[in-house]
Undergrad: 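Got a structure here, written out as structure tokens. Questions coming.
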Amino acid sequence: MQGLYAVFKKELCDHFSSYRFVILFALIAMVSFISSYMAGIHMKENLEALANTRFPFLMLFSSTGALFSMVQFVAFFGPLIGLVLAFDSINREKAHGTLIKLISQPIYRDAVINGKFLAGIATITIMLVAIVLVISGLGLVIVGIVPGIEEIWRLFIYLIISIFYISFWLAVSILFSISFKSIATSALASIALWIFLK
Amino acid sequence: MEASTIIETINLTKRYNRQTAVKDLSFKVNEGEVFGFLGPNGAGKTTTLLMLMGLSHPSGGSARVCGLDPLRKPIEVKGIVGYLPENIGFYGDLDAVQNLKYVADLNGIQADKASEKIDELLDLVGLKQDARKKVGAFSRGMRQRLGFAEVLIKDPRLIFLDEPTIGLDPDGALRLMDLVASLNRDRQITVLLSSHNLHQVQKISHRVGIMIHGEMVAEGTIESLAKEKFGVGEKEYTLEEVYMKYFQEV
Ligand SMILES: Nc1ncnc2c1ncn2[C@@H]1O[C@H](COP(=O)(O)OP(=O)(O)O)[C@@H](O)[C@H]1O
Ligand SMILES: [Mg+2]
């Protein structure tokens, strides 16, 4: 499908060059980084306790060394990431008069929505994978533990589930951006939904 | 020589909740002509164009564009029709070339062919020096010319122009109309031109249609419409006089 790939490419470019993405990424990277660093320090001080756990490496992601762990953080802020990435994806195009131009090209209308959705998923995937890899590296350096095969598997599955989880919220925000004409309304609706569910 | 029909509508109708925007519209556009599509605001011109593009579902009747039904074959129709909407929008944070590149991508044009085409079109519409400027900083006239380039990138057989000169200064409007005329002459593109600028429509149109309250009240060459309204005479009537005559009668 020609239209799908064209929209996907454009949207992915937009994501990576937007301030919104940079801010989101900086926020998530910073918080995950700090929480994992604290977890790492904590683990280093309690090495005997660590020896008795089944998956010491995963403690980097799940132990609440400081206030919360990286996993808790993603569970809490994940929906917001999904919502922020796309709450204005369709109504912005409508307001700027670019939507009518898009759909008067020889593409299916679904291609516009699907292309945006896939670009959002790709963005989320890149974000999460990058963060997990950075934290893993940090763990290797600070604590000096090496992940086992099973731990790698579990991390991988965690990543897949997180991507699905955030993508669900991405889809919700695209739906908002289709149903609400005004960008401000869909932004408010997204935040309201997030607060309501937390 | 009998020209072949490229657009045909039969009793095309569009109803919104209470009001009928287009009522039993039947008209034809011949291949290779400039058809002036006239009418006051709210007459139903934009609605008609949207139905011809397959972007709006008619409540009744049917349309054929190059022999295709826009309802059943919207992709094919959109592949041969270039549509310049009334308020065309662009991605303001991209430059002219990037905006054009995206439309080329959407039309499935190969990258190397696209950049060649973009160069040629920017030259044609006189935006060569502004190729790398962000479109957000473009003036109304520049945006309209960029819109033309975007419409032409798919090598359309026909183009629908919805009030392309609205909001332009007289000189800009004149140059745009010259461009339309030259596209029609040199590239044999059929043009369906909706406009309020009767003077310029008269200059470049082969035939005109006058639409009032969703109905086509007149269709034909300007002379034939004048003859119908004012009878045979020595005087040559302008499109404006003819239009006003029809307008007053409704
Ligand atoms: N989406 C819509 N919903 C309801 N009414 C509409 C819609 N679009 C157009 N109309 C109505 O249909 C009529 C024709 O509109 P339009 O085709 O835009 O006229 P024109 O382009 O000739 O100025 C107008 O009275 C307008 O209010
Ligand atoms: Mg209109």
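Source: prediction; values computed, not measured. Every chain is numbered from 1, with letters handed out A, B, ... down the list of sequences.
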Undergrad: For B:Arg187 and B:Glu120, run salt bridge (charged side-chain N to carboxylate O under 4.0 Å, His left out): C-alpha distance rounded to whole Å, both residues' side-chain angles, the deciding distance at 0.1 Å, then the answer.
TA: CA-CA 14 Å; B:Arg187 302 187 184 206; B:Glu120 179 213 317; 3.1 Å; yes
Undergrad: Relative to chain A, which segment of B:Leu50 carries a heavy atom at a distance below 4.5 Å: side chain, backbone, both, or neither?
TA: side chain
Undergrad: Has B:Thr13 got a side-chain atom pairing as donor or acceptor with B:Asn11's backbone, closer than 3.5 angstrom?
TA: yes
Undergrad: Given a strict heavy-atom distance threshold of 4.5 Å, which part of B:Leu84 is in contact with chain A: side chain, backbone, both, or neither?
TA: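 Interface part for B:Leu84: neither.
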Undergrad: Between the side chains of A:Ser89 and A:Ser177, does any donor sit under 3.5 Å from an acceptor?
TA: yes
Undergrad: Report, in residue-number order, which members of residues 98-117 of chain A are under 4.5 Å from chain B by heavy-atom distance.
TA: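 Those residues of residues 98-117 of chain A which have a heavy atom under 4.5 Å from chain B are A:Thr98, A:Ile100, A:Lys101, A:Leu102, A:Ile103, A:Ser104, A:Gln105, A:Pro106, A:Ile107, A:Tyr108, A:Arg109.
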Undergrad: Does the side chain of B:Thr46 come under 3.5 Å of the side chain of B:Glu86 through a donor N or O and an acceptor N or O?
TA: yes
Undergrad: Which bit of B:Glu150 comes within less than 4.5 Å of chain A, counting heavy atoms only: side chain, backbone, both or neither?
TA: side chain
Undergrad: Would one find more than 12 heavy atoms of other residues, nucleotides or ligands at under 6.0 Å from atom CD of B:Glu116?
TA: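 Open: at most 12 neighbouring heavy atoms sit under 6.0 Å from CD of B:Glu116.
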Undergrad: Exactly one of A:Phe87, A:Phe176, A:Phe76 should register a ring-ring contact (aromatic ring centres under 6.0 Å, His included) with A:Trp194. Which one does?
TA: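 Per the ring-ring contact (aromatic ring centres under 6.0 Å, His included) rule, the option paired with A:Trp194 is A:Phe76, out of A:Phe87, A:Phe176, A:Phe76.
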Undergrad: If I measure from the heavy atoms of chain A, does B:Asn87 come under 4.5 Å with its side chain, its backbone, both, or neither?
TA: backbone
Undergrad: Check for a donor-acceptor pair, side chain of B:Asn107 on one end and backbone N or O of B:Val103 on the other, with a separation under 3.5 Å.
TA: yes
Undergrad: Taking the six-membered ring for Trp, are B:Tyr83 and B:Phe160 parallel (under 30°), tilted (30 to 60°) or perpendicular (over 60°)?
TA: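 Judged by the thresholds at 30° and 60°, the geometry between B:Tyr83 and B:Phe160 is perpendicular.
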Undergrad: Pick one of side chain, backbone, both or neither for B:Asp93, based on which atoms fall under 4.5 Å of a heavy atom in chain A.
TA: neither
